[in-house]
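As structure tokens, the structure follows; a few thoughts come after it.
Quick note on labels: first sequence line is chain A, next is B, and so on, each numbered from 1. Note that these values count all heavy atoms, side chains included, but never hydrogens, waters or copies made by symmetry. All figures in this text were calculated on a predicted structure; none of them were measured in a lab.
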Amino acid sequence: MSDFLNNYSMHTHTCGQLTAADAGASVVLTGWVNHRRDHGGLIFIDLRDRDGFTQIVFDPDDTGEHFLLGETVRPEWVIQIEGIVRLRPADTANRNLPTGEIEVIVKKAAVLNSSKTPPFLIEDGIETDELTRLKWRYLDIRRPEVLAALRLRATVTRALRDALDERGFIEIETPILGKSTPEGARDFIVPSRLNAGKFYALPQSPQLLKQLLMIGGVERYYQVARCFRDEDLRADRQPEFTQIDVEMSFVTEDDVMTMMEDVIAHVFGKVEVDHSFPLQRMQYAEAMERFGCDRPDTRFGMELHDLSNIVRDSGFKVFAGAIEAGGVVKAINCKGAGDWSRGEIDKLGVIAADNGAKGMAWIAFTSSGEEKSPIIKFFSDEAYAVLKEEMQAEPGDLVLFAADKPAVANAVLSAVRLHMAEALDIPREGHRLLWIVNFPLFKYDEKEERYAAEHHPFTRVRDEDLDRIEDEPLSCGSYSYDLVMDGFEIGGGTIRIHTPELQERVLRRIGHSDEEIKEQFGFLVQALGFGAPPHGGIALGLDRLIMLLGGYDSIRDVIAFPKTSSGSDPMSEAPAPVSSRQLKEANIRLA
RNA sequence: GGGGUGUUAGCUCAGCUGGUUAGAGCGCCGGCCUGUCACGCCGGAGGUCACGGGUUCAAGUCCCGCACAUCCCGCCA
């Protein structure tokens, strides 16, 4: 049958193309048999390709000897048909289908390939377990909604490239085989056959290399960079993921944020998402105070209130004790939960426990005007009145308290806030982006009993805090900015250190000896000494961005071949053992 | 590393306080059907109840372990 086809395509049209205007045309279509409706004397098939569906009709009067093929084919068989486009009879048009006004009456048909019965239906809206879908991912991808996710990804990536190209950025590839560094996440390592006992590391990000590109005078760089981190997985974390990695020279943090907003605006235009620019910029400290986390979902309120001063002198020992120990008492007002049962409220304690707290106090203001709580009795009338005023509590509200170290209280209420927004079905339509700026430069790692970089150790300290690096590290701010969208961190960046002296000071402050600095970061420190320009940049988490734009629950939905939570691929069964010969060549002996 | 939830037919699930031959819908196979589009009607096949132990006269059901999946904490500069 292929004899009537040209060299470039086995069809004249796609399955999403034909309209009433094509009526009467002779066409050739290829695709997969989607649904087949056999009426005995008349067979309808929805033919599917990447572009859509077209109904083709096998009619013994018109189709002749090829009618037999219509009876033979089954779902997912690959066929090619030649036929005539015609308007469907009156009242049989399918308005749910772009091609629903027409059908193709089959004149000739050929089977290009048969198919086994697929393990799940190839159609949108299935509820098949993800493991099964991943095991047969190539069948899953045939489903229009899965392909649509990959298409969205391509559109967004294209738009990002276009926007950055237009602004003079140069796309440069950096190596996948690199050097392991002591800071940050666990590295994936690759043995070097040519260098027995030595290992490459896969990049967690091209951080140092893009800084070296700035020192190399590139000034504006970007890369669609695959990054690797050997850490435990989450719905929004995969062992390999993609960042839009950007770096610029001769810029302030304001320059980077403004440039990035232009780029994002361009992307949103391409995917028809509304958002106002410029974006809100919120201090890190304010985000922690009001939302308890550094990536707040600002599409709804339910903000945290610090009640420490109000409840400090109450008779409630849990509150007073927490404050005495240097902690805080904070609360959120969950409007609409005031009539929750005690059992329902108690279940929220699990969230508190998950985040390191011992429990969660509450006051329920029922819609009938009652005020139920195990703790009201501890407050003076005056303090209680002030508390109600601060929380603006009214009938129908549920006020939840966390009394603990600031970090724990924030973590608990931040998690509860998101949980309650979900449970109370609080509207969170659309998208909301904002910058969180001025992160602390350092944090204290209690487990390792040392200071560590909050962002990464190449972040520049704010000029006004330069003198406090050694003595008061926790009070040092940084030139840093995270891009937050709907409660997810979709990007983060900093202005970098561009002098060797400051870089050494910071590395020493987080506990590296001069020897380690020379060994691990020597090439960077040396390079900074050769006229490194002031520079900074940002990395966008492409997977998360697309997940949010497409409304998906997991980045697995926007990755063609994702890994399961144990880091394995159910289809190829990677990772897998290798032969003893491969091990020997790589100079690896298993324990 | 820790916690929650789940695992029964190809898929999605039901299966009660343990009790005869483990069910349903969809899919699949066969038959009928000339205007369907989740076509319809009739019939049929299809099960190591994830896996390994234990309790019991008797285990899909109870207990212990384990594997896998998923969500969360830790971790992820």
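Only A:Arg229, A:Glu231, A:Asp232, A:Arg234, A:Ala235, A:Arg237, listed by number, bring a heavy atom of residues 221-243 of chain A to less than 4.0 angstrom from any atom of RNA chain B. Using a 4.0 Å cut-off on heavy atoms, none of the residues of residues 492-517 of chain A approach RNA chain B.
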Polar atom pairs between nucleotides 6-12 of chain B and protein, under 3.5 Å, N or O only, would you list them?
{"residue": "B:G10", "atom": "O2'", "partner": "A:Pro119", "partner atom": "O", "Å": "2.8"}
{"residue": "B:C11", "atom": "O4'", "partner": "A:Pro119", "partner atom": "O", "Å": "3.3"}
{"residue": "B:C11", "atom": "O2'", "partner": "A:Thr128", "partner atom": "OG1", "Å": "3.2"}
{"residue": "B:U12", "atom": "OP1", "partner": "A:Asp129", "partner atom": "N", "Å": "2.5"}

Could you go through nucleotides 2-4 of chain B and list every protein N or O atom that sits under 3.5 Å from one of its N or O atoms, giving the distance for each pair?
none

Taking protein heavy atoms under 4.0 Å as touching, what does nucleotides 28-33 of chain B look like 5' to 3' if B marks base contact, S marks sugar-phosphate-only contact and - marks none?
SSS--B
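B:C76: no Watson-Crick or G-U partner with both key distances under 3.5 Å is found in any strand. Summarising the base pairing, B:G47 is matched to no nucleotide, lacking a Watson-Crick or G-U wobble pair whose two defining distances lie under 3.5 Å. Remark: B:A69 base-pairs with B:U5. Criterion, Watson-Crick or G-U wobble with two distances under 3.5 Å. When both distances must be under 3.5 Å, the Watson-Crick or G-U wobble mate of B:C16 does not exist.
Sorted by first and then second residue, the pairs that involve residues 408-422 of chain A and meet side-chain hydrogen bond (donor to acceptor under 3.5 Å, both in side chains), not counting sequence neighbours, are A:Lys330-A:Asn410, A:Glu422-A:Arg428. Residue pairs meeting the side-chain hydrogen bond (donor to acceptor under 3.5 Å, both in side chains) criterion with at least one member in residues 86-98 of chain A, sequence neighbours excluded: A:Arg86-A:Glu103. Among pairs with a residue in residues 551-568 of chain A, those fulfilling salt bridge (charged side-chain N to carboxylate O under 4.0 Å, His left out) read A:Glu130-A:Arg556, A:Glu240-A:Lys563, at least two apart in sequence or across chains.
The phosphate of B:A69 (OP1 or OP2) has a side-chain N or O of A:Ser568 nearer than 4.0 angstrom. An OP1 or OP2 oxygen of B:C71 is reached within less than 4.0 angstrom by a side-chain nitrogen or oxygen of A:Arg556. A sub-4.0 Å separation between OP1 or OP2 of B:U36 and a side-chain N or O of A:Arg37 is absent.
Nucleic acid contact for A:Ser566: sugar-phosphate only, since backbone atoms but no base atoms lie under 4.0 Å from a heavy atom of the residue. Among the heavy atoms of the strands lying under 4.0 Å from A:Thr564 are primed sugar atoms or P, OP1, OP2 only; no base atom is included. Looking at heavy-atom distances under 4.0 Å, A:Gln207 makes contact with a base. Nucleic acid contact for A:Arg86: base, since at least one base atom lies under 4.0 Å from a heavy atom of the residue.
At whole-Å resolution of the value, NE2 in A:His419 and C1' in B:C73 are 16 Å apart.
No hydrogens or angles were tested; on distance alone, a donor-acceptor pair under 3.5 Å links the side chain of A:Arg88 to the base of B:U36. Looking at A:Glu103, its side chain comes within 3.5 Å of the base of B:G35 through a donor and an acceptor atom.
Among residues two or more places apart in sequence or in another chain, the side chain to side chain donor-acceptor pair (under 3.5 Å) test is passed with A:Arg133 by A:Asp140. With sequence neighbours excluded, no residue forms a side chain to side chain donor-acceptor pair (under 3.5 Å) with A:Asp445. Residues satisfying the ring-ring contact (aromatic ring centres under 6.0 Å, His included) criterion with A:Tyr284, sequence neighbours excluded, are A:Phe439. For the side chain to side chain donor-acceptor pair (under 3.5 Å) test, residues two or more places apart in sequence or in another chain that qualify with A:Trp435 are A:Glu261.
The separation of B:G60 from B:G52, taken at their P atoms, amounts to 13 Å, rounded to a whole angstrom.
The shortest distance between side-chain heavy atoms of A:Ile141 and A:Phe561 falls below 4.5 Å.
No side-chain donor-acceptor contact under 3.5 Å links A:Thr128 to the backbone of A:Phe120.
Residues A:Phe44 and A:His35 keep their aromatic ring centres 6.0 Å or farther apart.
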